[in-house]
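Worksheet for the structure shown next.
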Amino acid sequence: MPNHKVLLLHGPNLNLLGDRETGIYGKDTTEHINNEIHAAAEEMGIDCEIRQSNHEGTLIDLLHGARGQFEGVVINAGALTHYSIALRDAIAAIRMPTIEVHMSNVHAREEFRHKSVIAPVCAGSIIGFGKYSYILALQGLKELL
Ligand code: DQA
């Protein structure tokens, strides 16, 4: 069976992992985490392309471009999770299984992080497992594909 093709998106500020609020997000850099994701994906038989953008429109363009190129999406939309209706509409529009990821337990943090406007259009959510949230999301997505 050919490998599943999955697009993994990191949203705003997730390029600064390892430096940004390390008490919350840990000391591993984005590059290090991406390497671990790639290694785990390979073991799962997944070809995982990883992209990061700080821009809402770029993330939307990447989601649109995923149609026909990938079978599913894993997305940590960062703060856009909590308010971007445009991102939600893009996820709904591409009709592709999409897993919402958060490294931190957003429900144990500020109230504005408790709401996700993308959750209703995602197949599922993985929240609070640090960098392992991405790997758990890939495992869950694989089951859906
Ligand atoms: C985050 C949680 C968001 O509330 C925050 O804005 C982020 C990261 C997480 O991975 O825990 O940028 O998505």
Side-chain angles (χ1 to χ4, degrees), residues 4-44 46-67 69-145:
H4 290 298
K5 292 192 75 184
V6 168
L7 177 64
L8 188 146
L9 295 175
H10 295 292
N13 302 305
L14 291 163
N15 54 317
L16 297 183
L17 292 172
D19 184 44
R20 164 196 189 203
E21 300 185 273
T22 52
I24 297 173
Y25 301 113
K27 289 192 177 149
D28 289 324
T29 62
T30 308
E31 193 188 350
H32 181 90
I33 292 172
N34 287 347
N35 288 339
E36 287 195 31
I37 294 169
H38 274 136
E42 204 178 307
E43 278 188 25
M44 287 181 232
I46 294 174
D47 286 340
C48 184
E49 181 171 327
I50 305 180
R51 303 289 291 270
Q52 189 276 331
S53 178
N54 292 319
H55 305 282
E56 183 181 33
T58 303
L59 291 166
I60 291 168
D61 288 342
L62 286 166
L63 286 166
H64 292 179
R67 285 175 306 166
Q69 304 298 316
F70 297 94
E71 294 161 71
V73 175
V74 169
I75 184 166
N76 184 348
L80 292 170
T81 305
H82 313 301
Y83 67 88
S84 174
I85 307 299
L87 199 62
R88 173 200 165 113
D89 286 351
I91 294 168
I94 61 171
R95 296 190 300 276
M96 199 177 281
T98 299
I99 311 291
E100 171 189 18
V101 162
H102 299 289
M103 298 178 74
S104 65
N105 178 359
V106 285
H107 299 292
R109 300 179 63 194
E110 302 94 328
E111 202 168 334
F112 63 82
R113 296 186 205 275
H114 298 182
K115 170 131 188 99
S116 166
V117 299
I118 68 169
V121 294
C122 287
S125 305
I126 305 281
I127 294 172
F129 294 91
K131 63 185 177 182
Y132 299 106
S133 289
Y134 292 105
I135 291 161
L136 293 169
L138 284 176
Q139 276 169 353
L141 180 56
K142 191 185 168 187
E143 294 304 319
L144 296 180
L145 294 176

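Both counts, for ligands and for their atoms, begin at 1 and track the order of listing.
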How about [X] and [Y]: do any of their side-chain heavy atoms sit closer than 4.5 Å?
X: I75; Y: L87; answer: yes
X: V73; Y: I91; answer: no
X: I37; Y: V74; answer: no
X: T30; Y: L16; answer: no

Output block, N or O contacts of ligand 1, threshold 3.5 Å exclusive:
residue: ligand 1; atom: 4 (O); partner: H82; partner atom: NE2; Å: 2.7
residue: ligand 1; atom: 4 (O); partner: R113; partner atom: NH1; Å: 2.9
residue: ligand 1; atom: 6 (O); partner: A79; partner atom: N; Å: 3.1
residue: ligand 1; atom: 6 (O); partner: R113; partner atom: NH1; Å: 3.1
residue: ligand 1; atom: 10 (O); partner: N76; partner atom: ND2; Å: 2.9
residue: ligand 1; atom: 10 (O); partner: M103; partner atom: N; Å: 2.8
residue: ligand 1; atom: 11 (O); partner: M103; partner atom: N; Å: 3.3
residue: ligand 1; atom: 11 (O); partner: S104; partner atom: N; Å: 2.8
residue: ligand 1; atom: 11 (O); partner: S104; partner atom: OG; Å: 2.6
residue: ligand 1; atom: 12 (O); partner: R20; partner atom: NH1; Å: 3.3
residue: ligand 1; atom: 12 (O); partner: R20; partner atom: NH2; Å: 3.0
residue: ligand 1; atom: 13 (O); partner: N76; partner atom: OD1; Å: 2.8
residue: ligand 1; atom: 13 (O); partner: H102; partner atom: ND1; Å: 2.8

Parallel, tilted or perpendicular: rings of H82 and F112 (30°, 60°):
perpendicular
Salt bridge (charged side-chain N to carboxylate O under 4.0 Å, His left out): which pairs involve residues 26-37, sequence neighbours left out?
D28-K131, E36-K131
